[in-house]
Structure formats: C-alpha cells, structure tokens
Amino acid sequence: MRLVLLGPPGAGKGTQSARLKEKYHVPQLSTGDMLRAAVKAETLAGLAAKAIMDKGGLVPDETVVGIIADCIAAPDAKGGFILDGFPRTVRQAEALAKMLAAKNLDLDAVIELKVDEAALLARIAKRANDTLACGGTVRADDTPEAFQTRLDAYHAETAPVAAFYAKKALLKTVDGMAPVDVVTEAIDQLLDGGARPVRLG
Ligand code: ADP
C-alpha cells in the first residue's frame, strides 16, 4: 500500500499515519519527524533546517526530496509506505511521481484530512498543554506565530498539491474534525470500500 496523507498542520496526519502503518505493515515516512531527528543529531541538513522549522517555514524541496528518495529505495519500503508531511509542494509531488515511475509504481491513494481551521489553533494549544502535562517538551513551532506561518505555508504551497492529485483521480477526502476513531474508520472505508467479499456458488 502506497499512501500520502495530506492536510494542514494539526489535522491529525501523524495519528492516522501511525494507525495505517500498523494496519498495512509498511513504514510511516514522516518528513517532520525525520527533520526533527536531523536537528537533534545536529547533522548538516538538521542545522540548516532548524531555523526554518522553528519559524514554521518550509525547508527546501531538495532536502526533503533527497530524504524521501532514500527512504523509498530502502528495503523496508518495498511493500509500500505511508507518506506523512510529504509532498508539501507541487515540486515535491512531481519529484515523487518521477521516483515512483522509475520503479514502475504509483500511489494507491492520497487521503486529505479536511479540518475547520478556526479549531486548529485550539487543537495545537491543547497538544502543547498535554505534552507539558506529561513532562514532555513542546515543539518550537507550536507557538501561535509559528503555527500561523505553517498554516500560511499550507495555503500557499500545499493546498495546490491536493489539486495536483485530484487531477490524477487519486484524491480522497475525509472529515478530519470527527473523533480520531471515526476518522480511522472513514479512511478504512475509503481504502477497503472497493473490495467486496467474493461470493462462491
Ligand atoms: P505539521 O504537519 O504539524 O506542521 P510536521 O511535523 O509535518 O508538522 O513538519 C514540521 C516542519 O518540518 C514543517 O513546518 C517544515 O518546516 C518541515 N517540513 C516537514 N516536511 C516538509 C516538507 N515535505 N517540505 C518542506 N518542509 C517540511
């Protein structure tokens, strides 16, 4: 299963990707997680990305395309993958299409989580509070200012990615405001909906 999860920051892509990973036994490729790991490890890419990420901007396409190309070529991604946070620009989507075409592969679906943006800021504030309550560290880009920048980047750069996939008839939309389990169920329906049990006799 080769899937892309699309949606604005805070839409729940990470939560649903983790569930899809368990269901389909394929790796969850989160560029955000990978970049945060690179920042923590102080790699060259991480050091370059840190200032951009903290402000809520997008790191250069070449950086993330390179990361994803390596992951897709890795043996554990042979049976598929869940892309979470990538592609975030049309250029990234085009680069992904090229990578897959070179292997004679295509995506199975692109799932877009639609959310009410007025509610997103409240969601992010809750995520920060919950993290603090558990003794964790809140992401530097979960401040209201950085969050607004992430939302602006989503509108300017990522919303056109949905149109890109709609044109290819790959886009499926789910109500991301529903409770987490209901969203999972809706995604399952979309992905398995075509498969009917075969009746014998
Ligand atoms: P969210 O979806 O909640 O905004 P992510 O964890 O997916 O968070 O991403 C965090 C940050 O990492 C982004 O704001 C951006 O700076 C960077 N990033 C992640 N994926 C990409 C990508 N595909 N292209 C450019 N920047 C990215």
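When a ligand or atom number is given, it counts from 1 through the structure's own listing order.
Counting atoms of ligand 1 from 1 in the listed order, those under 4.0 Å from a heavy atom of Leu35 are 12 (O), 17 (C), 18 (N), 19 (C), 27 (C). Heavy-atom proximity to Gly57, at under 4.0 Å, picks out these atoms of ligand 1: 14 (O), 15 (C), 16 (O). Heavy-atom contacts of Arg36 reach the following atoms of ligand 1: 6 (O), 10 (C) (cutoff under 4.0 Å).
Closest to atom 12 (O) of ligand 1 among all protein heavy atoms lies Met53 CE, 3.4 Å. The closest protein non-hydrogen atom to atom 20 (N) of ligand 1 is Thr31 OG1, 2.8 Å.
Side-chain atoms of Val174 and Lys114, non-hydrogen and from C-beta on, never get closer than 4.5 Å to each other.
Judged by the 6.0 Å distance and 45° axis criteria, Lys168 is positioned over the aromatic ring of Phe164.
Atom CZ of Arg123 has more than 12 heavy atoms from other residues, nucleotides or ligands within 6.0 Å.
The two residues Pro8 and Leu113 have their closest heavy-atom pair at CD-O, 3.7 Å. Here the closest non-hydrogen pair linking Val4 and Pro87 is CG1-CD, 3.8 Å.
By heavy-atom distance, the residue among Arg88, Glu157, Arg150, Gln92 lying nearest atom 5 (P) of ligand 1 is Arg88.
For Arg139, every heavy-atom contact with ligand 1 shorter than 4.0 Å involves the side chain, none the backbone. Contacts between Leu58 and ligand 1, counted as non-hydrogen atom pairs separated by less than 4.0 Å, involve both the backbone and the side chain.
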message: As a quick check of understanding, evaluate side-chain contact (heavy atoms from CB on, under 4.5 Å) for Arg150 and Glu145, giving each step before the final call.
response: CA-CA 9 Å; Arg150 282 155 66 199; Glu145 300 75 32; over 6 Å; no
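Looking only at atom types and distance, the side chain of Arg88 has no donor-acceptor partner in the side chain of Thr158 under 3.5 Å away. Side-chain atoms of Glu112 and Thr173 include a donor-acceptor pair closer than 3.5 Å.
By the 3.5 Å distance cut-off applied to N or O atoms, Lys13 is counted among the residues near ligand 1. Among the atoms of Val64, none of the N or O lies under 3.5 angstrom from an N or O of ligand 1.
Contact between Val59 and ligand 1 is present, with at least one heavy atom of the residue lying under 4.0 Å from the ligand.
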